[in-house]
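Take a look at the structure set out below.
These numbers come from the heavy atoms of this one structure, side chains and all, not from hydrogens, waters or symmetry mates. Remember, it's a predicted structure, so these values are computed and weren't measured experimentally.
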Amino acid sequence: MEIVGSTEECAACGPFSSMEDKVAKSLTQLVFEKIRSQGRISRSDVAKDLGVSPGSVTAAATALVDAGLVREASRTPRDTSRGRPPVDLCVVADARFVVGMNLRDGLNSAVLTDFVGTVLADCDLPSPPGRKTLDAICNEIETLLDALLNKAGLERADLSAVGIGLPGFVDHPRGQVHWSPILEDRRTLVGPILSDRLGCPVHLDNDVNLLALAELWFGMGRSRSNFAVVTIEHGVGMGLILDTQLYRGAKGMGLEIGHTTVQLDGALCRCGQRGCLEAYIADYALVREASTALEWDLRVARSPQQTLEILFDQAKAGNEAARLIFERAGRYLSRGLANVIQVFDPEFLIISGARLRYDLLYAEEVLAEMHKFSDRIGRDRTEVAINTWGDTVWARGAAALALSVLTDHVAAHPVPLDTHPASHRHAG
């Protein structure tokens, strides 16, 4: 029988499972993640891809169907006279709902997704710049969440998890924020406090870690096992994926490339240290350089964004002082990226962030300088991609975090529908 199509589409998201996953995850969870990553797939193909017996896949799939997490989806055969049409498996999209939020200086954003990562609603909330108290940030989060749910026609009781990303040093397992440029308090257990206030599990992580998760679940990294993401925004950050898993370090605070020292006793960084990479290439570093080198009238009020736009326009127009500012930042950036390649040797490096529209930061000579060490020893150059996602991607990464943790709970040992609490929503 020739199969010519399907009667319906099934959305897909998440990384393609690696062999390493089998060490830590149950077969039922591996089957679920394989189905979700493919969108739709037959039991026999799941068994072949995972290298297990068809019978064990059938048992796992049955448990997932009974729990309302997976459903059957019929294919459309060209000839149905030879028996029952072939059947694929799909994830039940509305079996669970999660929210992902990104908190940053000046703007908070959020997305609501279903269990296959499809964005059902998104919402932004302007936020006053500067550090805030924990209570003020919690109030902003609640306001944003309620606006998002109202837009989607859902309630807090419909949510299974919330993921939140923010800049700074975050202990993900504990939900503790050691330091953040948007938070006055230090070493605060933000996750447990928010879980109590929102009425559902809340999971926190560094925002660039979650940008890496967004690439792994929805973007360029879905088919990659090992890659790094470096972002240039108001700060400079890095996320690292090893064997399709987010690497955080022993205490959850690794990979802070923006706060590695590139100049002893150098420029002051917003973290309080001197000589950090971020202090030479982030927004505020370029603004500081522009205000000094271009001798602007300081009595004229300009936002940092206006200053950057003027600086870039002047550099493009041939202003030597403006161009030298970007060239200097580019040299520091190339050294930082070269360090990433030399230390971690990723198969793929994604440079991301809103500042990438300032193409002087990743000009050809900057990338060539980054590859100089590889060229010198005769090693193949690391593949590099430039990705300028919109603001929503940060919140989608936070949603991926919520989906990932939620999957570890509900798909590893699925519970039959008739034993679920009435507060959960499930499709038939």
- Qualifying residue, where the test is side-chain contact (heavy atoms from CB on, under 4.5 Å) with Val229 and the options are Met220, Glu215, Met238: Glu215
- Message: Tell me every residue that passes side-chain hydrogen bond (donor to acceptor under 3.5 Å, both in side chains) with Glu369, counting only those two or more places apart in sequence or in another chain.
- Response: Lys372
- Between Arg40 and Glu72, is there a salt bridge with N-O shorter than 4.0 Å? no
- Message: Using every non-hydrogen atom in the two residues, find where Cys276 and His259 come nearest and quote the distance to one decimal.
- Response: SG-CA, 3.7 Å
- Cation-pi, Trp394 ring and Arg104 (6.0 angstrom, 45 degrees): yes
- Can you pull the salt bridge (Lys or Arg N to Asp or Glu O under 4.0 Å) pairs that have at least one residue in residues 127-138, sequence neighbours excluded? Asp135-Arg197
- Message: Here's one to test your reading of the geometry: is the NZ or CZ of Arg328 within 45 degrees of the ring axis of Tyr280 and under 6.0 Å from its centre?
- Response: no
- Message: Would you say that more than 12 heavy atoms from the other residues, nucleotides or ligands in this model lie under 6.0 Å from the CD of Gln342, or not?
- Response: yes
- Give a yes or no answer on whether the side chain of Ser127 reaches the backbone of Leu107 with a donor-acceptor pair at less than 3.5 Å. no
- Stepwise side chain to side chain donor-acceptor pair (under 3.5 Å) check, Ser42 with Ser44: CA-CA 5 Å; Ser42 67; Ser44 60; 3.1 Å; yes
- Are there more than 12 heavy atoms of other residues, nucleotides or ligands under 6.0 Å from atom CD1 of Ile377? yes
- Would a line drawn from the ring center of Phe344 to the ring center of Phe227 be shorter than 6.0 Å? no
- Task: Look at the side chain of Asp243 and the backbone N and O of Gln245, then say whether any donor-acceptor pair between them is shorter than 3.5 Å.
- Result: no
- Item | Residue pairs, two or more places apart or on separate chains, that pass salt bridge (Lys or Arg N to Asp or Glu O under 4.0 Å) and touch residues 258-276 | Arg270-Glu278
- Would Arg396 and Asp122 pass as an ion pair if we require N to O under 4.0 Å? no
